[in-house]
Amino acid sequence: ETGVTQTPRHLVMGMTNKKSLKCEQHLGHNAMYWYKQSAKKPLELMFVYNFKEQTENNSVPSRFSPECPNSSHLFLHLHTLQPEDSALYLCASSQIAGVRTTEAFFGQGTRLTVV
Amino acid sequence: GENVEQHPSTLSVQEGDSAVIKCTYSDSASNYFPWYKQELGKRPQLIIDIRSNVGEKKDQRIAVTLNKTAKHFSLHITETQPEDSAVYFCAAAETGGGNKLTFGTGTQLKVEL
């Protein structure tokens, strides 16, 4: 079983709700990522945390708010989402070490539906 | 930023045939090129990767080739089996920048009996 665990697996929320996605990695990695996977689109990198510091925010709307309290946990706080935000949200982790940087290990994802 | 293009978007082969998926990238600084396989309803999983200091890598029925000059890399699957049916994604990253993968749009591979 993967060392990256995401909860919940499925989430249905209204546009006025506030919810959070959780990701936990047990691989001892120093970097964590949020990706969005929509139908017929490539996986889109949303946020990158390296040693708990956010190093990338790919023009993601402010209704998505990441939080990385430590190198093993990553959250994505959601509020006032739009129906077009419905997608599979994937968390990943890797060990950043220059040329020895490892592959990205993905979690199972959270299937989000905004109604 | 990096831009990765992947072709074809769908590929249907007979069991036992070979399958080839091609990707191009734009950023000459990219030095890491993984390939992920995603089965329906499951997470993407790495099947093979290649770094820019080699031109080819093979792992049993799977091989990847890299042409840095032309900025393209390809996945080759030989002796395809029904369990190879999945969506395959190529990606590119510059590892010194933190392994921020830019993905291609994916190829739906179907291996028919």
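All chains are named by letter (A, B, ...) in the order of the sequence lines, taking the proteins before the strands, and each is independently numbered beginning at 1. The structure presented is a predicted model; accordingly, all values stated were derived computationally and were not measured.
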Flag yes if B:Y88 and B:L46 sit in one hydrophobic cluster, no otherwise; membership is Ile, Leu, Val, Met, Phe, Trp, Tyr, and two members link when side-chain heavy atoms are under 4.5 Å apart. no
Is there a path of hydrophobic side-chain contacts, each under 4.5 Å between heavy atoms of I, L, V, M, F, W or Y residues, that connects A:M13 with A:M46? yes
Enter the distance from B:I48:CD1 to A:E103:CD here, rounded to the nearest 0.5 Å. 12.0 Å
Is it true that atom CD of B:E79 has more than 12 heavy atoms of other residues, nucleotides or ligands lying nearer than 6.0 Å? no
Around B:Q60, counting heavy atoms of other residues, nucleotides and ligands shown, do more than 12 lie under 6.0 Å from its CD? no
Return the minimal non-hydrogen interatomic distance between A:P42 and B:G104, and the atom names on each side. CB-O, 3.2 Å
Test: ring-ring contact (aromatic ring centres under 6.0 Å, His included). Region: residues 36-66 of chain B. Which pairs qualify, not counting sequence neighbours? A:F106-B:Y36, B:Y36-B:F103
Members of residues 76-84 of chain A whose heavy atoms come closer than 4.5 Å to chain B: none
Same cluster for B:I62 and B:I21 if Ile/Leu/Val/Met/Phe/Trp/Tyr side chains link at under 4.5 Å? yes
Are the side chains of A:F105 and B:Q45 in touch, meaning some heavy atoms are under 4.5 Å apart? no
Measuring from atom NZ of B:K100 to atom CZ of A:F47, what distance do you get when rounded to the nearest 0.5 angstrom? 14.0 Å
Treat each ILVMFWY residue as a node, draw an edge where side-chain heavy atoms are under 4.5 Å apart, and state whether B:L101 and A:Y33 are in one component. yes
Do A:L21 and A:Y49 share a hydrophobic cluster, counting only Ile, Leu, Val, Met, Phe, Trp and Tyr and linking them when any side-chain heavy atoms are less than 4.5 Å apart? yes
When the 4.5 angstrom heavy-atom criterion is applied to A:Q37 and chain B, the contacting part is side chain
Does any heavy atom of chain A fall under 4.5 Å from the side chain of B:Q38, the backbone, both, or neither of them? side chain
Taking side chain as everything from C-beta outward and backbone as N, CA, C, O, which of these in A:L45 sits under 4.5 Å from a heavy atom of chain B? Side chain, backbone, both or neither. side chain
What part of B:P44 is in contact with chain A, defined as an atom under 4.5 angstrom from a non-hydrogen atom: side chain, backbone, both or neither? both
